[in-house]
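To find a chain, count down the sequence lines: A is the first, B the second, and so on, and within it residues start at 1.
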Amino acid sequence: MRKRPAAADPPTLTTDALAALNRSGLSRRDFVKGAGVLIVGFSVARASRILASGPAAAQNLGVSGDQLDSWIAIGDDGRVTAYTGKCELGQGLYTAQTQLIAEELAVPFDHVTLIQCDTALTPDQGTTSGSQSHPANFNTSNLAQAGATAREALLRLAAERLQVPVEQLTVEDGVISVRTDPSRSVGYGALVGGKKFSLQLDSGAKRKHPSEWRVLGKAVPRSEIPALVAGRFEFVHNVRVPGMLHGRVVRPPVVGATLVSVDERSVGDLPGLVKVVVKNDFVGVVAEKPWQAIQAARKLACKWSSGVGLPSHGDFHEQLRHQSPTRDTLVVDSKDVDETLARAASVVSATYRYPYQMHGSVGSSCAVADVQGRKATIWSATQAVHPLRQTAAMILGVSPQEVRIIFKMGSGCYGFNGADTVSYDAALLSQAVGRAVRVQLTRRDEMAWENYGYAYVIDQRVGVDTQRRILAWDHEAWYPTLGSRPRSGTPGNVVTGFLAGFKPAVFTPRMPAPDPRGAYSNRSNAAPSYVAGCVGGRCGGTGTVKSERVLTHNARSPFFTGPLRSPSRLQNTFAHESVMDEVAAQVGADPVAFRLDHLSDARLIEVLKAVAQKANWDTRPSPRQGIARSGVATGRGIACVLYEGDNGYCALATQVEVDQDTGAVAVKRLVAGLDCGPISNPDGLRNQIEGGTLQGMSRALLEEVTWDEEKVTSVDWQTYASLPLGFEVPEMETILINRAEVEAMGAGETTITLAAAAIGNAIFDATGARIREVPFTRERVKEALASRAAQSSGG
Amino acid sequence: MSAITLTVNSRSHTLDVDLTTPLLYVLSDDLELRGPKFGCGLAQCGACTVIAGGRAIRSCVTPVGTMDAADIITLEGLGTAEKPHPIQRAFIDEQATQCGFCLSGVILTAKALLDENPKATDKQMRQAMSTVLCRCFAHVRMLRAIKRYAREAGV
Ligand code: FES
Ligand code: FES
């Protein structure tokens, strides 16, 4: 019971979407007068809700005109324009989404123009993060379904025109022809002709089967790369608005300091200074030129109160363990763990520590804001344009309808970097001067105040029987948080909002943790891969161990925190995959074989086997036999996980060399394997895996936020190390397991999750020394090597 | 403020600037060039790299007043998206980037070294790149692209 496309009324889109349509490619003139267009309008939120409730409900997808907030349009030149609310962050998403539309519409890749992330133009798809971006547009209704809707509508129009049933038609590169007589054909452009078609999303429209893919699944080069390498690409850092001024912020010198006074005379004689801006504890300057703003910010005499003091860095993890109150969560609890451990033949207990780490974008964060009266436009590299619209409005004291956020790509962010906070900085400064203001943070302001990735202390207790089988697994972890993404209502979750007078999200302690309820979920990978994950009689884990307890304690952090690539997943997996190795060593089992013995999930098993095979895994227990106590030792390590419990199966094998005299670790080879369902762009995927794995390696070997009694001391690239282009890059191989038949999963954060464990396991294999704290600095490696010597001479 | 004449990408510009201003701000704000970028302002990351007098220099710590005789080349001075320089071509062919913010440091540092010494060893390349950062860690591809350029430019 398909409706014919109605060649009648103009489409009823939201005012914003209509305005956007007019502004983009299809000019207002073309759209309203002469030229024809076929538009599929749809409401992202509503459509996905209805689709979720099944095909029957979807039949009534009579979305009324004012609810359509997005569209795909085909002009009578055959060109396609589409909106997306998922933006490019350097991960190739622009290209992948363009491929998707080209595929479903059966048009050439370069006939598609995609408009990204702009609150005035694009649908609210929340935040581009968490390896969820592909799944969002591939599996839910929006872009792909709209493309399929348009293709089917065009096929029906062609059937009428060519006087043959739809079943006898075939479509390629925007041309529909009769299967048996290709000379009878008609192009999309001609079908649209001078008419206007307004369609609504058809949830019954059939998506292309991956076996029919022509554009998807191919290594299409990323669209932005030529402009990037030629230095022509417009980053948010390059946005220039007429009359634009330059701002700088002045952050407190120590954590928790509040502003006592500002002496504006200290900068009174500086050329180009436009204004000193103060709002509660927020301080900034605005000047004509960037260099003038920098000097004014340096010279401005501010008096601050003393800070709140910081816990000592040295025993931070121990203090963390004793913090109270905390917010406690049980992911799973079989209620028999203590008894089972008590009767185990042996129990391996170990504690793993993970530091705060930074996003540390190469470019410090930048934004441009133009606030005129009650209207504001902000060019921002935020991952969340719609939420930022809400919170920027709060910061400015205006209504969200008056705020427009335009996404412009920034320096790679790896999670939640300074893009939102600097957007507030620019907005506040622009509001104070009534002109457009560009703000780029100093390196120190970026690093000392960003929302760090979580520190962790994780206790593991694993009991085994005499048959080398794990009987019980007990996981208990503590991690501190403060703030995070501001979402739609908490600008105080980042430093600028906080300084301007807003509070971070309320912390609600919960002690003790309530029993797990509902379906098993392992979103933070708090549960190891080897437990069964049984909640309420249903098991959702990837492993076989039935006696299981996973308890987490969320404490308060002295620093702002936020998601950093593979948030919590990486830290938890470091602990699980390390202790799994310790247990294997304890029972004298090969680390891969021992893992396979305790996994139940076929896809995880397959990717682990594939990686081991590719790495020429040398099957034997760790550590190696006959290790010399000095000189260079080599070893191999393995780790695997199902990211987020349902979002990407991955495994990583490493080969390392440890210089036992200096403690230096050199990673020689990395073999990464990933199964994330159907692959839309294999080269883009490889690029993500390579980058993620090396980033994981840098985090494992070097990265750690440090502080003294009152302030963060990691404030530049000398005090916060990152592996440079000049380090000896390991040989790197990736294995992609392509599965056309299943749902697409995430990719960007998968293998990074495994790097620390796989490297740590290889160090152990090489030397017999186990390192339980990231980063594996030379000092820590040497310490571990020394304690190995003490143990063996003592034993 | 003083007048200065800068030669950037073979074009000369006369500007009235504070001569202590780091070259980077003049390039990116007065001349609105998009290649050189502010990353750290401390000569630690390479994002602001330009080639001057044949050497890769860090424009974030180079006062513009010292540059009036120099021939400055920025990333956009090499080639365009349509007609890329061979080293840029190599980066496109290898898809050797993610966000691309670091590219001035990566491409221009490698180019300056290879221009000076086309037979530069891996070790020399690593030395030159020892304070060039890419936080997307596109290292594998970038180094492959540089090698490709060295190979293809060598013949
Ligand atoms: S910005 Fe010049 S080296 Fe970092
Ligand atoms: S590609 Fe993003 S920093 Fe290098």
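Residue contact with chain A, scored on non-hydrogen atoms closer than 4.5 Å, is absent for B:Ile87. Both the backbone and the side chain of A:Phe727 come within contact range of chain B, judged by heavy atoms closer than 4.5 Å. Only the side chain of A:Pro290 comes within contact range of chain B, judged by heavy atoms closer than 4.5 Å. Looking at B:Asp122, neither its backbone nor its side chain comes within 4.5 Å of chain A, counting heavy atoms on both sides. Residue B:Met142 touches chain A through its side chain alone, counting heavy-atom pairs closer than 4.5 Å. When heavy atoms are compared at a cutoff of 4.5 Å, A:Arg232 approaches chain B by way of both its backbone and its side chain. At a 4.5 Å heavy-atom cutoff, B:Gln127 makes no contact with chain A through either its backbone or its side chain. Residue A:Arg444: no heavy atom, backbone or side chain, is found under 4.5 Å from chain B. Heavy-atom distances place both the backbone and the side chain of A:Val362 under 4.5 Å from chain B. Only the side chain of A:Gln295 comes within less than 4.5 Å of a heavy atom of chain B; its backbone N, CA, C and O stay farther away. Contact of A:Ile294 with chain B is made through the side chain alone, with heavy-atom distances under 4.5 Å. With a 4.5 Å cut-off on non-hydrogen atoms, A:Glu728 touches chain B through its backbone and its side chain both.
Screening A:Thr734, A:Thr751, A:Thr753 for a side chain to side chain donor-acceptor pair (under 3.5 Å) involving A:Thr693 leaves a single residue, A:Thr751. Checking B:Arg148, B:Arg151, B:Lys147, B:Arg144 one by one against B:Asp93, the salt bridge (charged side-chain N to carboxylate O under 4.0 Å, His left out) holds for a single residue, B:Arg148.
The candidate with the highest count of non-hydrogen atom pairs below 4.5 Å against chain B, out of A:Val729, A:Asp716, A:Leu723, A:Asn687, is A:Asn687. By number of non-hydrogen pairs under 4.5 angstrom with chain B, the leading residue of A:Gly272, A:Pro730, A:Ala227, A:Gly360 is A:Gly360. Most heavy-atom pairs under 4.5 Å with chain A, from the set B:Gly77, B:Ser28, B:Gly105, B:Gly41: that is B:Ser28. Of all the listed residues (A:Leu725, A:Leu228, A:Asp683), the one sharing the greatest number of non-hydrogen pairs under 4.5 Å with chain B is A:Leu725. Contacts with chain B were tallied for A:Ser722, A:Pro221, A:Gly231; A:Gly231 has the most, counting heavy-atom pairs under 4.5 Å. Residue with the most contacts toward chain B among A:Arg438, A:Lys289, A:Arg443: A:Arg443 (heavy-atom pairs, distance under 4.5 Å). Among the candidates B:Asp30, B:Thr80, B:Val132, B:Thr74, the residue making the largest number of heavy-atom pairs closer than 4.5 Å to chain A is B:Val132. The most heavy-atom pairs under 4.5 Å with chain A, out of B:Ala47, B:Gly79, B:Cys48, come from B:Gly79. Taking B:Met1, B:Arg89, B:Lys37 one by one and counting their heavy-atom pairs under 4.5 Å with chain A, the maximum is reached by B:Lys37. When each of B:Val17, B:Val26, B:Thr109, B:Thr20 is scored by its heavy-atom pairs under 4.5 Å with chain A, the top score falls to B:Thr20. The greatest number of non-hydrogen atom pairs below 4.5 Å with chain B, out of A:Pro226, A:Gly692, A:Gly691, A:Gly726, is found for A:Gly726.
A pairwise comparison of heavy atoms in B:Met129 and A:Pro724 identifies O-CB, 3.8 Å as the closest pair. Here the shortest heavy-atom pairing between B:Leu78 and B:Ile107 reads CD1-CG2, 4.0 Å. Scanning both residues, B:Glu76 and B:Pro36, for their nearest heavy atoms gives OE1-CD, 3.7 Å.
Judged purely by distance below 3.5 Å, without hydrogens or angles, the side chains of A:Asn417 and A:Ser361 pair a donor atom with an acceptor atom. In summary, the side chains of B:Ser104 and B:Thr49 do not present any donor paired with an acceptor at a separation below 3.5 Å, with no hydrogens or angles considered. If you check the side chains of B:Arg135 and A:Gln695, you find no donor sitting under 3.5 Å from an acceptor.
A donor-acceptor pair is defined here as one N or O able to donate and one able to accept, closer than 3.5 Å; no such pair exists between the side chain of A:Glu450 and the backbone of A:Met447. A:Gln357 places a side-chain N or O within donor-acceptor distance of the main-chain N or O of A:Glu703, the cut-off being under 3.5 Å.
A salt bridge is absent between A:Glu731 and A:Lys668; no separation between the charged side-chain nitrogens and carboxylate oxygens falls under 4.0 Å. A salt bridge is absent between A:Arg248 and A:Asp445; no separation between the charged side-chain nitrogens and carboxylate oxygens falls under 4.0 Å. Under a 4.0 Å N-O distance rule, the pair B:Arg141/A:Glu690 qualifies as a salt bridge.
Here the two rings, on A:His246 and B:Tyr25, have centers that are 6.0 Å apart or farther.
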